[in-house]
Amino acid sequence: QVQLVESGGGLVQAGGSLRLSCAASGRTFSNYAMGWFRQAPGKERELVAAISGSGGSTSLADSVKGRFTISRDIAKNTVYLRMNSLKPEDTAVYYCAAGRVNPGWRLITTLNEYDYWGQGTQVTVSS
């Protein structure tokens, strides 16, 4: 079992920045690829960023490339999503997810391959 707890969401003006954190506990962190998803009202949950178990590979949605960065600190069992140049369309609940991978260099880009989810953190970007 893996427990995930997100933090760092909030209200920010357009053009501002936030850093989301996701603290993981329960299993060997490097055995899990991690992802950040978001879901806006009335829309499907979508992948924003993914990172491999080892942290060596990342993937970003086209809508956030050049603005968001995903990283992980294996020693702290934490994954981060740095969000710069935020836009009103980034407003959503952001979820952290973990999926078991073998080998550890894999990352996961499909929602149904993730096994564990956090409770979500709200990000609101005002215009």
Side-chain angles (χ1 to χ4, degrees):
Q1 192 77 5
V2 175
Q3 294 81 41
L4 303 172
V5 179
E6 302 102 332
S7 61
L11 173 64
V12 63
Q13 288 188 332
S17 298
L18 285 174
R19 189 182 76 162
L20 305 184
S21 299
C22 174
S25 61
R27 286 285 187 262
T28 304
F29 189 51
S30 60
N31 290 343
Y32 289 83
M34 303 296 293
W36 284 99
F37 289 77
R38 66 186 180 187
Q39 189 167 20
K43 294 188 176 181
E44 293 186 352
R45 192 171 297 191
E46 63 174 353
L47 178 68
V48 176
I51 190 165
S52 62
S54 63
S57 299
T58 61
S59 178
L60 294 168
D62 288 343
S63 59
V64 305
K65 283 181 180 176
R67 301 188 297 122
F68 290 13
T69 304
I70 186 171
S71 61
R72 66 190 297 164
D73 186 330
I74 292 177
K76 294 183 178 180
N77 282 10
T78 301
V79 63
Y80 304 98
L81 184 68
R82 178 67 181 181
M83 306 185 293
N84 296 327
S85 303
L86 283 161
K87 303 176 181 180
E89 50 264 44
D90 294 318
T91 295
V93 178
Y94 283 70
Y95 297 91
C96 172
R100 186 77 163 81
V101 289
N102 183 17
W105 50 259
R106 277 195 63 217
L107 53 78
I108 300 173
T109 58
T110 53
L111 185 149
N112 60 8
E113 287 192 75
Y114 284 94
D115 304 306
Y116 303 100
W117 294 83
Q119 81 287 353
T121 185
Q122 176 71 45
V123 172
T124 303
V125 184
S126 63
S127 57

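Proximity of R38 to E46: side-chain heavy atoms (C-beta onward) are separated by under 4.5 Å at one or more points.
In this structure, D115 CG and Q1 CD are separated by 10.0 Å, a value rounded to the nearest 0.5 Å. Between the CG atom in N31 and the CG atom in N102 there is a gap of 7.5 Å [rounded to 0.5 Å]. Taking CZ of F68 as the reference point, atom CG of L86 lies at 5.0 Å (rounded to 0.5 Å).
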Checklist entry - Please walk me through it: do V79 and I70 pass side chain to side chain contact (heavy atoms under 4.5 Å, CB included)? => result CA-CA 7 Å; V79 63; I70 186 171; 4.0 Å; yes
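Results of the side chain to side chain contact (heavy atoms under 4.5 Å, CB included) test with V125 over L11, L18, D90 single out D90 as the only residue that passes.
Looking at Q119, its side chain never comes within 3.5 Å of a backbone N or O of V5 through a donor-acceptor pair. Listed for the R72 side chain is a donor-acceptor partner under 3.5 Å among the backbone atoms of F29. A distance-only check finds a donor-acceptor pair linking the side chain of Y114 to the backbone of I108 [under 3.5 Å].
Taking hydrophobic clusters as Ile, Leu, Val, Met, Phe, Trp and Tyr residues chained together by side-chain heavy-atom distances below 4.5 Å, V48 shares a cluster with L4. Criterion: ILVMFWY side-chain heavy atoms under 4.5 Å apart, direct or through other members. Under it, V123 and L81 are part of a common hydrophobic cluster.
Identified under the salt bridge (Lys or Arg N to Asp or Glu O under 4.0 Å) test for residues 104-113, with sequence neighbours left out: R106-E113. Judged as a side-chain hydrogen bond (donor to acceptor under 3.5 Å, both in side chains), the pairs with a partner in residues 13-25 (not counting sequence neighbours) are, in order, Q3-S25, S17-N84.
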